[in-house]
Amino acid sequence: MAPVKPSGQYDFDLLVIGGGSGGLACAKEASSFGKQVVVLDFVIPSEKGTTWGIGGTCVNVGCIPKKLMHQASLLGESIQEARSYGWNIPDPISFNWESLVEAVQNHIKSVNWVTRVQLRDKKIEYVNGHGVFEDAHTVVAKMKNGKERRITAKDIVIAVGGRPRYPDFPGCKEYCITSDDLFSLPTSPGNTLVIGAGYIGLECAGFLKGLGYESTVMVRSMLLRGFDRGMVNLVQAEMEDKGVKFLIGKIPVKVSKQPNGKLLVEWKGDDGIGQGEFDTVLVATGRKALSEELNPSAAGLQVHPESFKFITNAEQTNIPNIYAVGDVLHERPELTPVAIQAGKLLAGRLYNGIQEQMDYDNVATTVFSPLEYGCVGLTEEDAINRYTENEIEVYHAYYKPTEFFIPQKNVKHCYLKVITLLKAPQKVLGMHFIGPQAGEVIQGYAAAIKAGLTYQHLKDTVGIHPTVSEEFTRVAITKRSGDDPTPQSCCS
Ligand code: FAD
């Protein structure tokens, strides 16, 4: 369809600030309805000077390079296991960080290129400039060369995402890196301290250990805040078994460079002070929304006083023609598919008359720790808080993946849990799975939960044997019964 001219006095129908997951999805959808769209995307270099192309966090410094490095780590494990399956593999095997980074970066560059081609094909204008509000319909794009361009639009979508937050201690910005730098690090990270135990910190610590580097996680209070505590304990135990060290209840106070080039990290905790030497220190202590940098008050926009994120109603901010999607939304899951779905639906509502709203409930997610943890719905703690212990049932089981037997892999932490309402028909409230391919396992069950899954449906489902996912169709032991949830055999 040929684009129609924007109505009224504006340059464009839609201006999207941020060419990441949410912004691009919204822009492409809007252009498919014949709207004239411009996308601004600009990456301010990290403290270490790292920068990247269009596509946002997920493609450049998030999900994609993370998953590729996780896969590299799993492959190292598989090569070792292959010996017990009859493969002759030289001993020792070796790994080259520079080759991995080159392969990952080449893939990213190809995605950046495809994205630019898609925008051109869809006649969406791409401006590589940093957008700042002048008023509710005007944004000034500041280019790398210092030039400025004023752009007006009838509607504006904010999709600027966030960047890693640096904790405030001496030497932090000078010597530490963040996930923005890790995936393009030109030389191997060596012995690494990861400060922070959210999913990003744990995933990085996990794949670094799998690639052969010493890795230590420093955490102030708890790992994976917001996730099911019982499952998190198993994730931690598995990481410890794999050799990741944990410094729990510690906060960093200083990082300095030693004459030998190592980084000396000093910390304090309940048991006093401590220190250690590392080659790399990665801070992963949360992310900061890039809202303030937009000068939101110039457009009359309000942000939440603590998170500095936008509080929206159906993705609409307090200014009627300005919307927001993705990581920049207050109290919404910071996940790529969430940003994409919200962006697409918003464009559909604005320009194609659809009514469908974004549903932020029961969004499945996976922590790509060495043994992955996938989940959807409520944690056991949240289910107890929302209902009471007497109103819910928790089914659980340890299980033994068939492919773990021959290489005698650790099955101690392969575990799953289904949380249901106690009252018939026992609606499923949450599903949690630790094991191989956890994301693949949980995705289908997430669809089933959307469709009203009950415990009876699970029982009525015939499993696919031998898979790990079938364990959800066999789970029968309740926590309340106190019966032993460890498996007796694989096939009964
Ligand atoms: P972004 O993708 O961050 O895009 C925002 C874009 O806007 C960026 O390019 C930014 O530079 C640009 N920008 C900012 N301000 C301006 C401005 N003023 N003018 C112009 N441009 C601007 N999610 C998952 O679902 N699965 C995962 O496995 C996963 N792993 C992750 C691993 C890591 C290490 C990280 C950091 C994140 C991960 N995420 C994952 C989260 C996911 O990347 C984000 O939820 C997603 O990218 C958010 O999309 P967005 O559109 O809100 O913002």
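Order of appearance sets the numbers: ligands from 1, and atoms from 1 within every ligand.
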request  = Mind listing the closest non-hydrogen atom pair of Val328 and Ile158 along with its distance?
outcome  = CG1-O, 4.0 Å
inquiry  = Could you identify the single nearest non-hydrogen protein atom to atom 30 (N) of ligand 1 and state the distance to 0.1 Å?
reply    = Lys66 NZ, 2.9 Å
Residue, atom name and distance, where the atom is the protein heavy atom closest to atom 53 (O) of ligand 1 = Gly161 CA, 3.4 Å
inquiry  = Below 3.5 Å, N or O to N or O, backbone or side chain included: is there any such pair between Trp52 and ligand 1?
reply    = no
query = In terms of side-chain geometry, is the basic nitrogen of Glu315 or Arg349 positioned less than 4.0 Å from the acidic oxygen of its partner?
reply = yes
remark   = min-distance protein heavy atom vs atom 4 (O) of ligand 1 -> Gly20 CA, 3.3 Å
remark   = Nearest heavy-atom contact between Ser179 and Arg287 is OG-NH1, 4.3 Å
Met143 vs Val127 side-chain heavy atoms within contact, under 4.5 Å = yes
query = Hey, is ligand 1 close enough to Asp327 that some N/O pair sits below 3.5 Å?
reply = yes
message = Students should be able to answer this: which protein heavy-atom is nearest to atom 18 (N) of ligand 1, and at what distance?
response = Gly131 O, 3.0 Å
key: Close-contact set for ligand 1 against Gly22 heavy atoms, below 4.0 Å   = 51 (O)
query = Can you list the ligand 1 atoms lying under 4.0 Å from a non-hydrogen atom of Glu334?
reply = 41 (C), 45 (O)
task = Within a distance under 4.0 Å of any heavy atom of Leu335, pick out the atoms of ligand 1 and give their elements.
result = 23 (N), 24 (C), 25 (O), 45 (O)
request  = Could you say whether the N/O atoms of Ile17 and ligand 1 ever approach to under 3.5 Å?
outcome  = no
ask   = Would you call Val244 and Val217 a side-chain contact if the rule is heavy atoms closer than 4.5 Å?
value = yes
ask   = Can you tell me the protein heavy atom closest to atom 9 (O) of ligand 1 and the distance?
value = Asp41 OD1, 2.7 Å
Per atom 15 (N) of ligand 1, closest listed option by heavy atom (Ile340, Val160, Ile54) = Val160
ask   = Counting only N and O atoms by type, is there a donor-acceptor contact under 3.5 Å from the side chain of His70 to the main-chain atoms of Phe207?
value = no
query = Counting only N and O atoms by type, is there a donor-acceptor contact under 3.5 Å from the side chain of Arg332 to the main-chain atoms of Val338?
reply = no
request  = Please write down residue, atom name and distance for the protein heavy atom closest to atom 26 (N) of ligand 1.
outcome  = Cys63 SG, 3.7 Å
inquiry  = Once rounded to the nearest 0.5 Å, what's the spacing between atom NZ of Lys154 and atom CG of Asn321?
reply    = 8.0 Å
query = Hey, looking at atom 46 (C) of ligand 1, which of Thr336, Val61, Val127, Leu182 has the closest heavy atom?
reply = Thr336
request  = Identify, by atom number and element, the atoms of ligand 1 in contact range of Val43, meaning under 4.0 Å from any of its heavy atoms.
outcome  = 11 (O)
inquiry  = Within ligand 1, which atoms have a heavy atom of Gly129 less than 4.0 Å away?
reply    = 19 (N), 20 (C)
key: Plane angle bin for Phe472 and Phe433 - parallel if under 30°, tilted between 30 and 60°, otherwise perpendicular   = tilted
key: Tyr199, Phe183, Phe133: member with heavy atom nearest to atom 41 (C) of ligand 1   = Tyr199
query = Which atom names give the shortest non-hydrogen contact between Thr366 and Gly439, and what distance separates them?
reply = OG1-CA, 3.1 Å
note = If we number the atoms of ligand 1 from 1 as shown, the ones under 4.0 Å from a heavy atom of Cys58 are 43 (O), 47 (O)
query = Under 3.5 Å, side chain of Tyr323 to main-chain N/O of Pro320, donor-acceptor pair present?
reply = yes
query = Short N/O distance, under 3.5 Å, between Phe42 and ligand 1?
reply = yes
request  = For the residue pair Phe95 and Tyr213, categorise the inter-ring angle as parallel (less than 30°), tilted (30 to 60°) or perpendicular (more than 60°).
outcome  = perpendicular
remark   = re atom 3 (O) of ligand 1, the protein heavy-atom contact at minimum distance is Thr57 OG1, 2.5 Å
key: Backbone or side-chain N or O of Leu290 under 3.5 Å from ligand 1 N or O   = no
query = Which distance, rounded to the nearest 0.5 Å, do you find between the CG of Leu329 and the CD of Glu334?
reply = 9.5 Å
Minimum heavy-atom distance between Thr336 and Ser21, given as atom pair plus value = OG1-OG, 3.3 Å
request  = With heavy atoms only and a cut-off of under 4.0 Å, state how Ile200 meets ligand 1: side chain, backbone, both or neither.
outcome  = side chain
ask   = Backbone N or O of Met431 within a donor-acceptor pair of the Lys417 side chain at under 3.5 Å?
value = no
ask   = Relative to the heavy atoms of Leu294, which atoms of ligand 1 are at a distance of less than 4.0 Å?
value = 18 (N)
note = In this structure, atom 33 (C) of ligand 1 is nearest to the protein heavy atom Gly62 CA, 3.4 Å
task = Below 4.0 angstrom from a heavy atom of Gly326, which ligand 1 atoms are there? Numbered from 1 as shown, please.
result = 52 (O)
Close approach of Arg287 to ligand 1, heavy atoms, under 4.0 angstrom = yes
